[in-house]
Every structure is written in structure tokens, then in C-alpha cells.
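Below is one structure, written out as C-alpha cells; the observations come after it.
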Amino acid sequence: MTLEKARELIAVQASLNSGYNRNAAKLILAEVLREHGQQAVDNLINEFKLETAFGFAPGKTL
């Protein structure tokens, strides 16, 4: 998955902000982690404020 595609998908999940969306965002971030590493995941967490929305903290594994 490209980082641009991940951004598009995460944006949708973050805008809906429910338990199901948290799980979907976690799966997307896991894919990003596998392909691009922790720094890319941390950047997405910060960019979309996922720590506030879903409790995902930068620097921690999902």
C-alpha cells in the first residue's frame, strides 16, 4: 500500500470515529508498518490526530 492510499483510507476512518473505524485504522496502520516502518506510522498518527481519536500512541506497536 502506498502512503498516499493509506492517507486516504485513514482520513475516512478518522472522520467517522467509531469502534469499527478504530479497528479498520489499526489494520491500515499495521500494513503501513509492515511496508514502510514505524516512522511512517507515527507520521500518520500525528497527521490525523489518531492518539486523540483512537488512542494510538506514536512509537508504540499496534
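The first residue in the sequence is number 1, and the count goes up from there.
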Is the side chain of D42 donor-acceptor paired with the backbone N or O of P58 at a distance under 3.5 Å, no angle test?
no
Could you tell me whether a side-chain N or O of N21 sits under 3.5 Å from a main-chain N or O of S18, the two making a donor and an acceptor?
yes
Atom pair CD1/CD of I28 and Q13 - distance to nearest 0.5 Å
5.0 Å
Suppose the criterion is ring pair (Phe, Tyr, Trp, His ring centres under 6.0 Å): which pairs have a residue in residues 38-62, not counting sequence neighbours?
F54-F56
Go through it in stages, so that I can follow the logic: the residues are E47 and L44, the test is side chain to side chain contact (heavy atoms under 4.5 Å, CB included), and I'd like the CA-CA distance, side-chain angles, deciding distance and then a yes or no.
CA-CA 5 Å; E47 181 178 342; L44 289 171; 4.2 Å; yes
Shared ILVMFWY cluster between L3 and I45, side chains joined below 4.5 angstrom?
yes
Backbone of M1 reached by a side-chain donor or acceptor of H36 within 3.5 Å
yes
Which pair of non-hydrogen atoms, one from V32 and one from A40, has the smallest distance, and what is that distance?
CG1-CB, 3.8 Å
First locate atom OG1 of T2, then atom CD of E35, and finally report the distance between them rounded to the nearest 0.5 Å.
9.0 Å
For A14 and L50, the nearest pair of non-hydrogen atoms, with its separation, is CB-CD2, 4.0 Å
Rounded to the nearest 0.5 Å, how far apart are CD of Q38 and CG of L29?
9.5 Å
Mind checking the NZ-CG spacing from K49 to N17? Nearest 0.5 Å is all I need.
13.0 Å
